[in-house]
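Below is one structure, written out as structure tokens; comments come after it.
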Amino acid sequence: MTIYDLHCHSTASDGTLTPTALVARAVQRGVHCLAITDHDDVSGLPEAHQAGAGTSLRIVNGVELSSLWERRTIHIVGLFFDADAPVLQEALAAVRAARRQRAEAISHALARAGIGGALEGARRFVTNEALISRLHFARFLVDQGHVSSKQKAFNRYLGQGKPAHVSPLWPGISESIAVLHAAGGMAVLAHPGRYPLTDTAMRRLLEEFRDSGGDAIEVFSSSHTPSQNERFVEYARFYGFKASLGSDFHDPEESYIDLGALPPLPSGLTPVWST
Ligand code: AMP
Ligand code: MN
Ligand code: MN
Ligand code: MN
């Protein structure tokens, strides 16, 4: 059996393991094929390829693009692209700039809610100067005792509809898909079960993702319940999407499941890695 894990994060975004440490952990856990999919940044990939050389692990290029659909953030995992493609590099730089602007606005909003110094505080957890994520703010809020868990940081401050939520300016999903295709890659809808959508809205998203050229959906994800896994297996079949899977691993303590820990894809689906 070949173990795939096509979604995880390194210190190039909001993960806590370096690409080298992530690759070593994947090798040690018996993973055969790994995609490191940092948020809006591909700077960890050369180190990952170097670390994977000469091991049993195949590394494929990955990224997780922040995108917008009906004013909601939707994550699109890109796989198998040319990481040097200028069209991709430019698109990622624009999203990272939007992240920096959003971080300033989040910090102002937290100040209004009585929590000062949040931008400087979050930056202490940043491991890639170019990339700041809400998870860095969550780690700061926990560290300073404002909340007892990262989940609470999102529920109280950072999540949609909360006092420090700032509407992000990401590209639309069709633009993200087009960029990934222009760079020679595939576009995978990340953890579809995580979006708080009615069934009707989910079908609309899946149809629009398909009609915009989207290639695959993550059917198995650590953010899915077992029944969501089943539901998205059915949706992949129904809409004709290829299937992907990923742990969304960020950190040995923080993450619900470890690298390569998801079950293999059920038969009858076309894996995203099939040619
Ligand atoms: P961002 O992409 O900067 O908006 O931040 C999103 C990241 O924050 C995700 O990739 C997760 O790492 C983390 N995250 C989002 N929502 C939650 C949540 N409810 N609980 C814990 N972590 C979360
Ligand atoms: Mn993350
Ligand atoms: Mn995500
Ligand atoms: Mn992720």
Side-chain angles (χ1 to χ4, degrees), residues 5-17 22 35-41 44 62-69 71-79 92 95-107 109-110 118-119 122-123 125-128 130-143 147-162 164-171 173 176 187-196 205 209 217-218 220-225 228 232 244-257 259:
D5 191 338
L6 301 183
H7 188 153
C8 66
H9 296 268
S10 79
T11 47
S13 64
D14 55 3
T16 58
L17 299 185
L22 205 52
I36 297 182
T37 55
D38 279 303
H39 297 284
D40 308 309
D41 195 289
V63 69
E64 183 171 16
L65 283 184
S66 307
S67 310
L68 278 181
W69 176 77
R71 298 166 63 201
R72 288 175 180 282
T73 291
I74 299 292
H75 286 169
I76 298 180
V77 161
L79 297 172
L92 295 179
V95 180
R96 289 192 300 262
R99 282 182 167 278
R100 287 191 289 271
Q101 283 184 353
R102 183 187 64 160
E104 291 190 14
I106 289 174
S107 185
L110 283 170
L119 187 55
R123 278 198 184 125
F125 293 89
V126 164
T127 45
N128 168 4
L131 197 291
I132 183 157
S133 146
R134 280 185 297 167
L135 194 49
H136 298 122
F137 282 93
R139 289 181 181 136
F140 157 75
L141 291 169
V142 173
D143 183 62
V147 285
S148 57
S149 71
K150 277 164 288 251
Q151 190 58 49
K152 289 203 174 112
F154 282 89
N155 293 348
R156 272 206 218 146
Y157 295 107
L158 301 168
Q160 186 113 22
K162 304 304 171 188
H165 185 266
V166 175
S167 297
L169 291 170
W170 316 137
I173 59 170
S176 295
V188 183
L189 183 65
H191 44 62
R194 197 156 105 192
Y195 311 119
L205 169 61
F209 185 74
I217 65 174
E218 286 182 350
F220 292 171
S221 164
S222 64
S223 19
H224 285 179
T225 62
Q228 285 176 326
F232 289 104
S244 189
L245 79 175
S247 62
D248 210 354
F249 180 87
H250 282 73
D251 171 82
E253 264 82 56
E254 247 174 45
S255 292
Y256 298 121
I257 70 165
L259 293 170

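Heavy atoms only: backbone and side chains are in, while hydrogens, waters and symmetry mates are out. Each residue takes its place number in the sequence, starting with 1. One-based numbering, in listed order, for ligands and for the atoms of each.
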Min N/O separation [X] to ligand 1 under 3.5 Å:
| X | value |
| --- | --- |
| Arg99 | yes |
| Ser66 | no |
| Arg134 | yes |
| His250 | yes |

re atom 9 (C) of ligand 1, the protein heavy-atom contact at minimum distance is Arg194 NH2, 3.9 Å

Contact with ligand 1 for His9, non-hydrogen, under 4.0 angstrom: no

Measure the distances from the heavy atoms of His136 to every atom of ligand 1 and state whether one is below 4.0 angstrom.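 For ligand 1, residue contact (heavy atoms, under 4.0 Å) with His136 is absent.
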
Out of Gln151, Glu64, His75, who gets a non-hydrogen atom closest to atom 19 (N) of ligand 1? Gln151

For atom 15 (C) of ligand 1, tell me which residue out of Phe137, Trp170, Phe154 has the closest non-hydrogen atom. Phe154

Does any N or O in the side chain of Arg72 come within less than 3.5 Å of the main-chain N or O of Tyr195, such that one atom is a donor and the other an acceptor?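 Not a single qualifying donor-acceptor pair exists.
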
Is the side chain of Tyr256 donor-acceptor paired with the backbone N or O of Asp248 at a distance under 3.5 Å, no angle test? no

Rounded to the nearest 10 degrees, what's the angle ND1 of His75 makes with NE2 of His191 at the Mn ion (ligand 3)? Could you check? 110°

Check His191, His224, His7 against Glu218 for a side chain to side chain donor-acceptor pair (under 3.5 Å) and give me the one that passes. His7

Measure the shortest side-chain to side-chain distance between [X] and [Y] over non-hydrogen atoms and say whether it is less than 4.5 angstrom.
| X | Y | answer |
| --- | --- | --- |
| Leu141 | Leu158 | yes |
| Asp40 | Leu65 | yes |
| Phe249 | Leu22 | yes |
| Leu189 | Leu205 | yes |

Are any N, O or S atoms from Glu64 nearer to the Mn ion (ligand 3) than 2.8 Å? yes

Name of whichever N/O/S atom of His250 is nearest to the Mn ion (ligand 2):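 Within His250, restricted to N, O or S, the Mn ion (ligand 2) is closest to atom NE2.
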
Looking only at N, O or S atoms, which one in Asp14 sits nearest to the Mn ion (ligand 2)?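 Checking each N, O and S atom of Asp14, the shortest distance to the Mn ion (ligand 2) belongs to OD2.
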
Atom indices of ligand 1, in the order listed, that fall short of 4.0 Å to a heavy atom of [X]:
| X | result |
| --- | --- |
| Asp14 | 7 (C), 10 (O), 12 (O) |
| His39 | 10 (O) |
| Arg102 | 1 (P), 3 (O), 4 (O) |

For a quick check under 3.5 Å, do Thr11 and Thr127 share a side-chain donor-acceptor pair by atom type?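 The answer is no; no qualifying pair exists.
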
Using distance alone, with no hydrogens and no angle criterion, decide if Ser13 and Asp41 have a side-chain donor and acceptor under 3.5 Å apart.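 Short answer, no.
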
Plane angle bin for His39 and His250 - parallel if under 30°, tilted between 30 and 60°, otherwise perpendicular: tilted

Within the stated cut-off of 2.8 Å, is an N/O/S atom of His9 closer than that to the Mn ion (ligand 2)? no

Between the Mn ion (ligand 2) and Asp248, is there an N, O or S atom separated by less than 2.8 Å?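 Not a single backbone or side-chain N, O or S atom of Asp248 is under 2.8 Å from the Mn ion (ligand 2).
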
Reported CZ-to-NZ distance for the pair Phe137 and Lys150, which is rounded to 0.5 angstrom: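 Phe137 CZ to Lys150 NZ: 15.5 Å, rounded to 0.5 Å.
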
